[in-house]
Trainee: 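I have a structure here, written as structure tokens, and I will follow up with some questions on it.
All values below were derived from every heavy atom in this structure, side-chain atoms included, with hydrogens, water molecules and symmetry-related copies excluded.
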Amino acid sequence: MELTITAKIKIHPTLAQVELLKETVSAYRESCNFVSKMVFESHQLSQATLHKATYHDIRSTYHLRSQMAQSVLKTVIAKYKTNKSNGHDWSLVVFKKPQYDLVFNRDYSLTKGLFSVNTLSGRIKVPFETKGMEPYFDGTWNFGTANLIDKHGKWFLHIPMTKDIPQVEDDVINQVVGVDLGINFVATTYDSQGKTTFFKGRHIKHKRAKYKQTRKELQQKQTPSARRRLLQIGQRENRWMQDINHCISKALVDQYGENTLFTIENLTGIRQATEKVRVNDRYQTVSWSFYDLRQKLEYKSLMHQSKVIAVDPKYTSQTCPKCGHTEKANRNKKKHIFCCRTCGYTSNDDRIGAMNLQRKGIEYIAGGTPQA
């Protein structure tokens with residue numbers, strides 16, 4: 001299976017190199033907007049046709065080198081095609097942030113600790129560090145089209161890295177783990193040895209509530225500085241949640257090791273399902289980054305010779321794992337307690353969900369449960 005991750009490395013340009021990079025990414029963005037306007041008006045997505053119509057102006061007006069001009073066309077076309085495939089209406093794509101898409105071994109290279117890149121004034125070489133990303137630079141990964149990022153005066157290179165990794169076969173699975181995702185407990189697991197692990201989420205819930213209150217106060221101000229602050233808070237919260245998901249998914253694959261099958265709920269459509277949730281609680285449920293955690297667990301599992309399947313979550317928190325009786329009244333959501341109305345089995349409701357998911361994982365291995 002082909003796995004793609006994004007390696008984020010930090011580069012350390014000199015002051016003179018920073019000016020060159022700023023000049024280059026700004027010209028690249030302006031060129032993208034120039035081409036984007038033409039695409040929007042003509043509905044033309046043929047690179048050959050756009051090349052004839054825009055190449056001279058890109059070179060003469062924005063002073064981009066030949067390969068940069070080609071990259072601009074590819075960047076704009078890709079954005080319009082992505083919007084189209086996502087079902088968006090035809091609308092003008094505006095490139096607001098400075099950007100520069102780089103083709104490996106043509107626009108950039110990484111050799112002996114130096115990042116070599118084209119600028120408007122020729123090629124420059126900038127030191128870089130791969131802190132935390134060393135495994136992706138062992139020569140076994142293929143480098144894709146990278147993006148040069150200026151984030152508050154610090155420069156980064158985001159590189160898509162691709163590698164073919166064999167999927168673990170079902171017949172070598174020796175551990176099945178049910179993973180119930182939630183809010184009070186971000187993840188609750190139940191494994192083949194009958195052991196339950198809780199990853200607490202209440203402190204996360206409280207911190208997100210503070211973010212929500214701060215956003216509400218800033219929205220009421222309606223000032224330019226408040227809007228800037230809103231954007232910063234949103235980005236900070238997103239980075240924080242991604243780090244939490246990274247830590248939890250890493251802890252799961254480290255805890256259970258190779259040849260593990262993780263069974264999780266397929267939470268596609270969670271936004272529609274939460275329309276019935278009280279307005280005050282809806283933000284927590286709708287905006288919780290379940291899918292990001294699932295993606296991180298999937299690629300980390302693949303790299304650790306394990307596997308993730310997503311199954312239908314229906315009744316996983318209402319079904320007794322001991323006698324199989326299913327009833328809505330089995331679960332007390334307010335107290336987070338499950339008590340079977342038939343056999344009386346009682347436990348934490350998130351643990352019950354993990355137990356039922358673990359059972360579905362076992363059924364999958366036996367060939368009885370399809371993925372959702």
Side-chain angles (χ1 to χ4, degrees), residues 1 3 165-183 185-199 248-249 251-270 272-273 290-291 293-333 336-372:
M1 180 178 178
L3 174 65
I165 298 180
Q167 275 191 305
V168 62
E169 298 296 331
D170 293 342
D171 58 1
V172 300
I173 294 292
N174 56 28
Q175 170 85 283
V176 179
V177 179
V179 184
D180 182 81
L181 304 180
I183 293 177
F185 293 106
V186 180
T188 304
T189 66
Y190 184 83
D191 60 31
S192 297
Q193 287 72 47
K195 181 180 178 181
T196 303
T197 303
F198 294 94
F199 293 84
I248 292 174
S249 56
L252 286 171
V253 297
D254 287 346
Q255 178 175 339
Y256 294 106
E258 296 181 359
N259 302 327
T260 296
L261 175 68
F262 294 100
T263 311
I264 64 173
E265 299 167 297
N266 183 358
L267 295 175
T268 302
I270 186 70
Q272 287 75 19
F290 295 120
Y291 187 62
L293 177 54
R294 171 180 168 176
Q295 286 183 309
K296 286 178 169 54
L297 181 58
E298 284 176 338
Y299 88 76
K300 285 182 172 64
S301 296
L302 185 61
M303 293 176 66
H304 287 77
Q305 288 77 56
S306 291
K307 185 175 182 177
V308 176
I309 62 167
V311 299
D312 188 348
K314 200 171 184 180
Y315 306 126
T316 51
S317 295
Q318 298 176 15
T319 301
C320 178
K322 297 299 182 182
C323 71
H325 174 68
T326 302
E327 184 180 345
K328 190 174 182 180
N330 283 346
R331 182 189 186 193
N332 186 324
K333 287 187 177 181
H336 297 287
I337 293 294
F338 177 96
C339 182
C340 179
R341 293 300 180 100
T342 298
C343 71
Y345 182 73
T346 302
S347 186
N348 173 275
D349 58 351
D350 291 322
R351 179 175 179 268
I352 294 295
M355 292 174 74
N356 285 320
L357 288 168
Q358 198 257 356
R359 173 180 53 80
K360 288 190 175 187
I362 294 174
E363 292 173 356
Y364 166 81
I365 294 297
T369 302
Q371 295 188 59

Trainee: So, for S306 and F262, which heavy atoms are closest and what is the spacing to 0.1 Å?
Mentor: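 S306 and F262 have their closest heavy atoms at CB-CE1, 4.3 Å.
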Trainee: Any donor-acceptor pair under 3.5 Å linking the side-chain atoms of T326 with those of Q318?
Mentor: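 Looking only at side-chain atoms, T326 and Q318 do not form any donor-acceptor pair under 3.5 Å.
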Trainee: Determine whether more than 12 heavy atoms belonging to other residues, nucleotides or ligands lie under 6.0 Å from atom CD of Q193.
Mentor: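 More than 12 heavy atoms, drawn from other residues, nucleotides or ligands, come within 6.0 Å of this atom.
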Trainee: Would you say that I173 contacts T260 through its side chain, given a criterion of any heavy-atom pair below 4.5 Å between the two side chains?
Mentor: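 No - every pair of side-chain heavy atoms lies 4.5 Å or more apart.
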Trainee: If you round to the nearest 0.5 Å, how far is CG of N356 from CD of E265?
Mentor: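 Rounded to the nearest 0.5 Å, the CD-CG separation comes to 10.0 Å.
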Trainee: Are side-chain heavy atoms of N266 and V311 found at a separation under 4.5 Å?
Mentor: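 No - every pair of side-chain heavy atoms lies 4.5 Å or more apart.
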Trainee: Look at D180 together with R351 and state whether they make a salt bridge at an N to O cut-off of under 4.0 Å.
Mentor: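 A salt bridge is absent here (no side-chain N lies under 4.0 Å from a carboxylate O).
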Trainee: How close do C320 and C343 get, heavy atom to heavy atom, and via which atoms?
Mentor: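 Looking at all heavy atoms of both residues, the closest pair is SG-SG, 3.6 Å.
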Trainee: Can you sort out the partners of Q305 under side chain to side chain contact (heavy atoms under 4.5 Å, CB included), two or more places apart, ordered by chain and number?
Mentor: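 Listed in chain order: E258.
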Trainee: Are side-chain heavy atoms of V177 and L261 found at a separation under 4.5 Å?
Mentor: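 They are not in side-chain contact.
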Trainee: Which residue in the set L252, I264, L181 passes side-chain contact (heavy atoms from CB on, under 4.5 Å) when paired with L293?
Mentor: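 With L293 as partner, side-chain contact (heavy atoms from CB on, under 4.5 Å) holds for just one option, L181.
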Trainee: Would you give the length of the straight line joining atom CG of D350 to atom CZ of F198, rounded to the nearest 0.5 angstrom?
Mentor: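 If I round to the nearest 0.5 Å, the distance is 7.0 Å.
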Trainee: Shortest non-hydrogen contact from G182 to F290?
Mentor: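 Minimum heavy-atom separation between G182 and F290: O-CE2, 3.7 Å.
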Trainee: Starting from the C-alpha separation in whole Å, work towards a yes-or-no answer on side chain to side chain contact (heavy atoms under 4.5 Å, CB included) for I352 and R331.
Mentor: CA-CA 10 Å; I352 294 295; R331 182 189 186 193; over 6 Å; no
Trainee: Hey, what do you get for CG (N174) to CG (N259), rounding to the nearest 0.5 Å?
Mentor: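 Reported value, rounded in 0.5 Å steps: 5.0 Å.
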Trainee: Looking only at heavy atoms, which two atoms of K333 and D349 are closest? And how far apart?
Mentor: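 Looking at all heavy atoms of both residues, the closest pair is CA-OD2, 4.5 Å.
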Trainee: In Å, rounded to the nearest 0.5 Å, how long is the span from CG of L297 to CG of L302?
Mentor: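 If we round to the nearest 0.5 Å, L297:CG and L302:CG are 11.0 Å apart.
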Trainee: When you compare the side chain of V176 with that of D191, does any pair of heavy atoms fall below 4.5 Å?
Mentor: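 No, side chains not in contact.
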Trainee: Is any side-chain heavy atom of D170 less than 4.5 Å from a side-chain heavy atom of K307?
Mentor: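 Sidechains of K307 and D170: in contact.
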Trainee: Does a donor on one side chain sit under 3.5 Å from an acceptor on the other, for S249 and Y299?
Mentor: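 No - no donor-acceptor pair under 3.5 Å links their side chains.
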Trainee: Quick one, T197 and T188 - any side-chain contact, counting heavy atoms below 4.5 Å?
Mentor: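 No, their side chains stay 4.5 Å or more apart.
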Trainee: Quick one: do L3 and M303 satisfy side chain to side chain contact (heavy atoms under 4.5 Å, CB included)? Show the steps, please.
Mentor: CA-CA 9 Å; L3 174 65; M303 293 176 66; 3.4 Å; yes
Trainee: For a quick test of reading the model, state the closest non-hydrogen atom pair linking M355 to P321 and the distance between them.
Mentor: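 Shortest heavy-atom separation between M355 and P321 comes out as CE-CG, 3.7 Å.
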Trainee: Once you round to the nearest 0.5 Å, how far does CG of L357 lie from OG of S317?
Mentor: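 L357 atom CG to S317 atom OG measures 8.0 Å (nearest 0.5 Å).
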Trainee: Looking at residues at least two apart in the chain, or sitting in another chain, which of them share a side chain to side chain contact (heavy atoms under 4.5 Å, CB included) with H325?
Mentor: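 Expected list: C323, E327, N330, C340, R341, T342.
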Trainee: How far apart are the C-alpha atoms of F338 and N332, what are their side-chain angles, what is the distance that settles it, and do they pass the side chain to side chain contact (heavy atoms under 4.5 Å, CB included) test?
Mentor: CA-CA 6 Å; F338 177 96; N332 186 324; over 6 Å; no
Trainee: Whether the side chain of T319 engages the backbone of T316 through a donor-acceptor N/O pair (distance < 3.5 Å, no angle test) should be reported.
Mentor: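 Absent.
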Trainee: Search all heavy atoms of T263 against all heavy atoms of G361 and return the closest pair with its distance.
Mentor: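 For T263 and G361, the tightest heavy-atom pair comes out as OG1-CA, 3.2 Å.
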Trainee: Would you give the length of the straight line joining atom CD of Q167 to atom OG of S301, rounded to the nearest 0.5 angstrom?
Mentor: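 It comes to 11.0 Å.
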Trainee: Report the residue from K296, R294, K300 that forms a salt bridge (charged side-chain N to carboxylate O under 4.0 Å, His left out) with E298.
Mentor: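 Per the salt bridge (charged side-chain N to carboxylate O under 4.0 Å, His left out) rule, the option paired with E298 is R294, out of K296, R294, K300.
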